[in-house]
**Student:** 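Quick one: structure below, then a few questions.
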There are 2 protein chains.
Amino acid sequence: MTTTMNRLFAIDPWQVTTTQFNPATKRLQESLTAIGNGYMGMRGNFEEGYSGDTLQGTYLGGVWFPDKTRVGWWKNGYPEYFGKAINAPSFIGIGITINGERVDLATSQFRDFSLTLDLHQGLLTRRFTIEAPEAAVQFTFRRFVSNVIRQAALIEVTAKVLHGQAHLQFNATLDGNVTNEDSNYDERFWVPLQEDANAGSIQLETRENPFGVPRFTVLLQQGLRLNGQPIAGERTTTSGTLSEALAVDLAAGESMTLEKDVIVVTSRDVAETAQPAASATLLGQLQTNSFAQTLAAHTAVWAERWAQSDVEISGDDAAQQGIRFNIAQLFMTYYGEDKRLNVGPKGFTGEKYGGATYWDTEAYVVPMYLAVTPPSVTKALLQYRHDQLPGAYHNAQQQGLAGALFPMVTFNGIECHNEWEITFEELHRNSAVAFAIYQYTAYTGDESYVNTAGIEVLVGIARFWADRVHFSQRAGKYMIHGVTGPNEYENNVNNNWYTNLMASWVLEYTLARLPKADPTITGKLAVTDAEQAHWQDIIDRMYFPTDDKLGIFVQNDTFLDKDLRPASTIPADQRPLNQHWSWDRILRSPFIKQADVLQGIYFLNDRFTREQKERNFDFYEPLTVHESSLSASIHAILAAELGKADKAVELYARTARLDLDNYNNDTADGLHITSMTGSWLAIVQGFAGMRYDHDRLRFDPFLPKKWQRYSFAINYRGRVIAVSVSDHTTLTLRAGEPLDVWVNGERRHLVKEEGHA
Amino acid sequence: MTTTMNRLFAIDPWQVTTTQFNPATKRLQESLTAIGNGYMGMRGNFEEGYSGDTLQGTYLGGVWFPDKTRVGWWKNGYPEYFGKAINAPSFIGIGITINGERVDLATSQFRDFSLTLDLHQGLLTRRFTIEAPEAAVQFTFRRFVSNVIRQAALIEVTAKVLHGQAHLQFNATLDGNVTNEDSNYDERFWVPLQEDANAGSIQLETRENPFGVPRFTVLLQQGLRLNGQPIAGERTTTSGTLSEALAVDLAAGESMTLEKDVIVVTSRDVAETAQPAASATLLGQLQTNSFAQTLAAHTAVWAERWAQSDVEISGDDAAQQGIRFNIAQLFMTYYGEDKRLNVGPKGFTGEKYGGATYWDTEAYVVPMYLAVTPPSVTKALLQYRHDQLPGAYHNAQQQGLAGALFPMVTFNGIECHNEWEITFEELHRNSAVAFAIYQYTAYTGDESYVNTAGIEVLVGIARFWADRVHFSQRAGKYMIHGVTGPNEYENNVNNNWYTNLMASWVLEYTLARLPKADPTITGKLAVTDAEQAHWQDIIDRMYFPTDDKLGIFVQNDTFLDKDLRPASTIPADQRPLNQHWSWDRILRSPFIKQADVLQGIYFLNDRFTREQKERNFDFYEPLTVHESSLSASIHAILAAELGKADKAVELYARTARLDLDNYNNDTADGLHITSMTGSWLAIVQGFAGMRYDHDRLRFDPFLPKKWQRYSFAINYRGRVIAVSVSDHTTLTLRAGEPLDVWVNGERRHLVKEEGHA
């Protein structure tokens, strides 16, 4: 239940801001004020340090470590290692003493605290006044990671003496002696290589691993500026650290600003020996501009993003903040800059789930990113999977299967999750990878990808499914036994309807695309006529569990024999189930963790009648506990389509402020990044009813009761379109060629107005 | 495939003997020459030490350690710790040097090696001649663990100089610095408490654990005798060890015998402070007799055992050795002496599976032990479970269920296995515990147990099942969803026929026994009329998957939709499946790990028609891969009953010499103790067709083609009966009152012959 008691931050349309400081919720605060730029990011840790409970975390995209797989009982085919995002060397540190006393909000006397994350561009500002012996000093910190020079982090602290005399000592540090909180036995992943006091840099390498996974070398370099002028403090180094000290004396009324510019380069981009020079060059480039100039350029980059993605809500300030928070955090995590990277479930905000790639990307991020980022961003997500095709073939072979099996969890394409019921059996993820190709093509109209790299991915996945189905002599049908569907509260079931549906769809789509694809590529793929005939036979004779009496698609064989009862019968103190019930009890219960049948109806929305959608929704929604943060949005979208407005709004509310209101009571570990798309999907595909299949962009909007208005911008095939929904719906073409769009079934011809760029 | 190439030991009716020594198969040799006395035991390690590859192992019954549970992903209800049998302080050591050269068969020159395990009483004898500089010395070792004073181990080494002069130095050691080979990070489970050079003893304690599991203190004391006379060598101690050195000079033709008597007491029986005195007393008692006298008394105890259990086979010497080896190893592991103990899968022969208790005991050991040991032995196995009822109630609560759930794996009644599909779902084990009570009662005719302690166990299990079933509205039947049956190659399936059958049987049997049980006890159990009516309703409306067209009981719902094909279609190089296929591939295949439906038909043998048995056997046997060593015997028994003699013999052969021929290529880790009953069951219940339900002991024997004759002894209700099968069947009453027994359907009245005791 959401109450204002759970809110650390005040409601504001563009700021996540508070004047409260509470040590008991420090970790939550750190998660909520995390920032990133797609290249790197960090939790809202304090620059001057903090001796109370804290989760210190800095993360570099793609810098990971293969930890030995731990299982109770080994099974053939399990991955050897579990990839984890490691806590990277920390670079925000600026230790401060006033007249010899350490500034530490765990122990110091302070007042007038404020903390603000500006969602416009991810600028984190913090202010407080220390009451020290003989002086009161106000500190203002600002920091951001730059979207202009992405290897750059800029941190600034302004000190103003309110009364007394202050001898301020600053110690700017680079610290490679970090660990992961969830690692074994305090193991250190980083091995110091060198420290260069002259250059102000440290260089470290990830430690050796027995798996042949490449190691990473990183170099961090800092440059200080005092009141805008470059300055070198007194530098000392130890193994893996650099400290740079300087002191300033201020009288009452005086102030100073110390800026710490940091460059981080990694061996993903720059070879180890070239790193010092590359870093020095970037630092030089950075320091040709002031903090303010860099911030302005960075903000301008962000302004472009908001222009084609912002969502405005009137009448629900909490929701307004929520949607902007979600969009900002998503874009801070990934904006297509590096197609070797993907959208980790916690982005740059925490250690859990290792920062790896999950099917969440294809299923939940792609549908949103298609509309709010340039096509190249989503295309980068598709290329990520294409480039990991070799790993996918390996994963399938681990299970004795043909074709390509994209992993459940990965950094490099090799599977690294180690539960058989997920790793070996939650196979629907493979179809999501294919479906993202379809969605990209359908949304952008760009067929070049699917005809080249895309067809390689499709054929690999199709061959996998063709090998994985079996023919049931008894039923005279093809079946898929032993799977786990999107609803992970069923394991190892037979004929999960969704899995069969999407497997069949993959074969169908691949057959349809083959004749259109680049013949050089299809020539190499060599899908024979016999193979295609077999795929067609699977499509024609695939088994789908249905119940004619109820008029529904059955989630999996024998589901209807369960003790069927709605989720409302679960006592409140046993929710969530996954924290109270033993696993067997959950599995045999009728309760559904996340959209499963309904996920299929959502994806292949244009293939089902309204009656089918409604019967299935009415049957499955009451059974669904939505204990995955990915789930409610899908139901919200279908509820909206079916005219169940109140239900749609209720489900949307579960997604709107998941982290801001600490809905699942676990945001202290990091934000639920991949879930954040849900609130956007619920608004745009749900409330506004956006659909785009068959080259027809259309909307069927309704206005939630408590809202006065909502509006959003999307890009579509070279256009930027603003949609505004109040008691009527207005569409504005902000950029691009004229376009026909359907609203509530009626065609509107959009033309850009005079005066727009 | 069994070939003589796999055989380390020559065929012999009563000895496991070899003259070959092969370092490459040392571990296998050690497993096969393990000895025990129900209290303690050890692998066939060499007294003088061995510097090559070896698995050193000494095990004390009931002395275990709770190791923190390791899983990849935690689930609610998982046990906190995994109990493991720990390698106990080693006491067989007698280091030897000849003229300064260490005797070590890994490095020394030697000849005329022989090693013999005498199955009459578990005496292990070894001989070899060392060619040392200046002398050739023949050593003969004998050792056994006593069934007269069970805390005692007796080791004797005779040295005879064949030529030259030999200065022999002996060092008898007690060594507490041992580890488990499979433990983490070289952790030591033992903490030394004290060493007493005067007494010749060491005392150690298992180290602390965070689970509140009691720790164990053990004291080991040695006493040497030289040529029969007590002698004290030069004793030195270090932390956790004691050494006792003495030297003897011998000329050619001279010999000497050094005897090392060891007493081991544990805090299971003797409080820590009382251990020195208790040990001294036992050592004194032991040394009132010579080695030969103790061995003779020990052998006499064994002779009694063989008298009511021996099996003779003419025409198949390998099978003769196999069955005696199996019986001997079983009796060395457990003979009912301590009802706090049970039959661990590896007994005292290895570390794997932790030495804990499994359902194997009830399902496979009880049926044999009822016939070959006094009733008190099997009763002790039942009492073990009764005494662990509190743990069973705890286990059920961990899963939110009522009643008692006996664990899959345990030392103390608390579950300690940690795979959800087994721990939470392989529930049929609970019914086996109940069925053992029925078997004991049916075999012995003694109702006193089931009417007192037994009814408490039955009601606990019945209440569990009554809570665990659910009512399917759609089917109008009670069902059991989400289980794993005896066939572990299906996980989390619905309506495993065997599980439903035995759950229903438990309710039925408990209802039948309640009115006959001790009213004081049933009063406390307070099974109400409503409760009993509900149990009856479950019995009346339990769902059983059947297929009328095939005329079979279906293993679980939707089994028949699989890609059904016989196990003979599996390429040989992919067997066993569990070493080649990924888990998902195994689960969706039709292949059956061990008897599942057929286990039910075996247990409730008197409830099915011959036609039912045959149809199910003909359907399931071809699908069964028998990749559990427990499986083939059940099929052999049914094959025999159905007149499929060749098939019965083929299946029996898979059980006959599993370890002696290293059939599964893993006996180096330890013997498959609980599987050993299979060969006895296949002969007696299979070939000889022994049945005993409804108070009618009967046989339907056939003679395997290649055998001339087989005979066996059983006890039955105060009688000892010898059964001999050749071209005719002879029954002889060796002891006890007259009895009617049926052979091939004809009644025979047995009367003890004149001259028998």
Side-chain angles (χ1 to χ4, degrees), chain A residues 69-73 75-78 82 185 398-401 417-425 427 468 470-475 477 479-483 490-495 543 547 549 556-558 560-565 574 577-589, chain B residues 69-73 75-78 82 185 398-401 417-425 427 468 470-475 477 479-483 490-495 543 547 549 556-558 560-565 574 577-589:
Chain A
T69 294
R70 289 194 312 160
V71 289
W73 300 86
K75 296 209 185 297
N76 298 326
Y78 266 163
F82 178 69
Y185 311 98
Q398 288 285 94
Q399 297 178 230
L401 292 162
H417 192 74
N418 60 357
E419 289 177 292
W420 64 266
E421 63 271 24
I422 306 296
T423 302
F424 296 151
E425 298 207 344
L427 305 175
R468 180 55 173 76
H470 78 272
F471 189 75
S472 166
Q473 291 286 349
R474 192 168 92 120
K477 294 273 191 182
M479 293 187 168
I480 306 178
H481 273 197
V483 296
E490 296 279 357
N491 290 165
N492 190 45
V493 291
N494 294 341
N495 293 311
Y543 167 83
D547 188 276
K549 194 167 130 200
N556 47 262
D557 280 340
T558 74
L560 296 175
D561 285 335
K562 286 175 181 283
D563 176 19
L564 298 171
R565 59 181 69 206
Q574 288 173 30
L577 298 179
N578 61 32
Q579 289 179 24
H580 293 89
W581 287 9
S582 59
W583 194 241
D584 59 303
R585 190 174 176 192
I586 291 175
L587 292 182
R588 67 178 173 275
S589 81
Chain B
T69 295
R70 289 192 312 159
V71 288
W73 299 85
K75 295 208 185 301
N76 299 326
Y78 266 165
F82 177 69
Y185 311 98
Q398 288 286 92
Q399 297 179 229
L401 292 162
H417 193 72
N418 61 358
E419 290 178 291
W420 64 266
E421 62 271 24
I422 306 295
T423 302
F424 297 149
E425 299 207 345
L427 304 174
R468 181 55 173 77
H470 78 274
F471 189 74
S472 167
Q473 291 287 349
R474 192 167 92 122
K477 294 272 189 181
M479 292 187 169
I480 306 178
H481 273 197
V483 297
E490 297 279 356
N491 290 162
N492 189 44
V493 292
N494 294 340
N495 293 311
Y543 167 83
D547 188 278
K549 194 168 126 197
N556 47 263
D557 281 340
T558 74
L560 296 176
D561 285 336
K562 285 174 181 283
D563 175 19
L564 298 170
R565 59 180 69 205
Q574 289 173 30
L577 298 180
N578 61 31
Q579 289 179 24
H580 292 91
W581 287 9
S582 59
W583 194 241
D584 60 302
R585 191 175 175 191
I586 291 176
L587 291 182
R588 68 177 173 275
S589 81

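Heavy atoms only: backbone and side chains are in, while hydrogens, waters and symmetry mates are out. This is a predicted model, so every value here is computed, not measured.
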**Student:** With the side chain counted from C-beta on, respond yes when E490(A) and K562(A) share a heavy-atom pair under 4.5 Å apart, and no when they do not.
**Tutor:**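 Answer yes - side chains close enough.
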
**Student:** Would you mind checking which part of L587(A) comes under 4.5 Å of any heavy atom in chain B, side chain (CB onward), backbone (N, CA, C, O), both or neither?
**Tutor:**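 Looking at L587(A), just its side chain touches chain B.
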
**Student:** Taking every heavy-atom pair that is under 4.5 Å apart, which of D563(B), D561(B), V493(B), N495(B) has the most such pairs with chain A?
**Tutor:**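 Among D563(B), D561(B), V493(B), N495(B), the one with the most close pairs to chain A is D561(B).
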
**Student:** With chain A, which of L560(B), N418(B), D557(B) has the greatest number of heavy-atom pairs at distances under 4.5 Å?
**Tutor:**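 Top option by heavy-atom pairs under 4.5 Å: L560(B).
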
**Student:** Looking only at heavy atoms, which two atoms of N76(B) and F424(B) are closest? And how far apart?
**Tutor:**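 Closest heavy-atom pair between N76(B) and F424(B): O-CZ, 3.2 Å.
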
**Student:** May I ask you to decide if the ring planes of W420(B) and W420(A) are parallel, tilted or perpendicular, using 30° and 60° as cut-offs?
**Tutor:**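 Ring orientation of W420(B) relative to W420(A): parallel.
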
**Student:** Under 4.5 Å from any heavy atom of chain B, what part of L564(A) do you find: side chain, backbone, both or neither?
**Tutor:**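 Neither part.
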
**Student:** So N491(B) and E419(B), do their side chains get closer than 4.5 Å, heavy atoms only?
**Tutor:**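 Side-chain contact under 4.5 Å: no.
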
**Student:** Side chain, backbone, both or neither: which part of I480(B) has a heavy atom under 4.5 Å from chain A?
**Tutor:**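 Answer is neither: I480(B) stays 4.5 Å or more from chain A.
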
**Student:** Give a yes-or-no answer on whether the side chains of N494(A) and T558(B) include a donor-acceptor pair shorter than 3.5 Å.
**Tutor:**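 Note: N494(A) and T558(B) side chains meet the donor-acceptor criterion.
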
**Student:** Given a strict heavy-atom distance threshold of 4.5 Å, which part of W583(A) is in contact with chain B: side chain, backbone, both, or neither?
**Tutor:**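 Both the backbone and the side chain of W583(A) come within 4.5 Å of chain B.
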
**Student:** Specify which of A475(B), G482(B), G77(B), S472(B) makes the most heavy-atom pairs with chain A at under 4.5 Å.
**Tutor:**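 The answer is S472(B).
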
**Student:** Can you tell if the side chain of N492(A) reaches within under 4.5 Å of the side chain of E421(A), non-hydrogen atoms only?
**Tutor:**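 No, their side chains stay 4.5 Å or more apart.
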
**Student:** With a 4.5 angstrom heavy-atom cut-off, could you sort out which part of K75(B) is near chain A: side chain, backbone, both or neither?
**Tutor:**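 Answer is side chain: those atoms of K75(B) sit under 4.5 Å from chain A.
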
**Student:** Is there side-chain contact between R468(A) and V483(A), with heavy atoms separated by less than 4.5 Å?
**Tutor:**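 R468(A) vs V483(A): side chains touch.
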
**Student:** Mind checking ring pair (Phe, Tyr, Trp, His ring centres under 6.0 Å) for Y543(A) and listing every partner two or more places apart, or none if nothing turns up?
**Tutor:**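 Testing Y543(A) for ring pair (Phe, Tyr, Trp, His ring centres under 6.0 Å), a comparison that skips the adjacent residues, returns none.
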
**Student:** Please classify the contact between Q579(A) and chain B as side chain, backbone, both or neither, with a heavy-atom cut-off of under 4.5 Å.
**Tutor:**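 The backbone, not the side chain.
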
**Student:** Considering only heavy atoms, which portion of E425(B) lies under 4.5 Å from any heavy atom of chain A: side chain, backbone, both, or neither?
**Tutor:**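 For E425(B), side-chain heavy atoms alone lie under 4.5 Å from chain A.
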
**Student:** Against chain A, work out which of K477(B), M479(B), R585(B), Q398(B) has the most heavy-atom pairs shorter than 4.5 Å and name it.
**Tutor:**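 Heavy-atom pair counts peak at M479(B).
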
**Student:** With only heavy atoms counted, which part of I422(A) is less than 4.5 Å from chain B, the side chain, the backbone, both or neither?
**Tutor:**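 Neither part.
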
**Student:** Select one option (side chain, backbone, both, neither) describing which atoms of N578(A) are under 4.5 Å from chain B's heavy atoms.
**Tutor:**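 For N578(A), backbone heavy atoms alone lie under 4.5 Å from chain B.
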
**Student:** So which part of H580(A) gets closer than 4.5 Å to some heavy atom of chain B, the side chain, the backbone, both or neither?
**Tutor:**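 For H580(A), backbone heavy atoms alone lie under 4.5 Å from chain B.
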
**Student:** Classify the angle between the aromatic ring planes of H470(A) and H481(A) as parallel (below 30°), tilted (30 to 60°) or perpendicular (above 60°).
**Tutor:**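 It falls in the perpendicular class, over 60°.
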
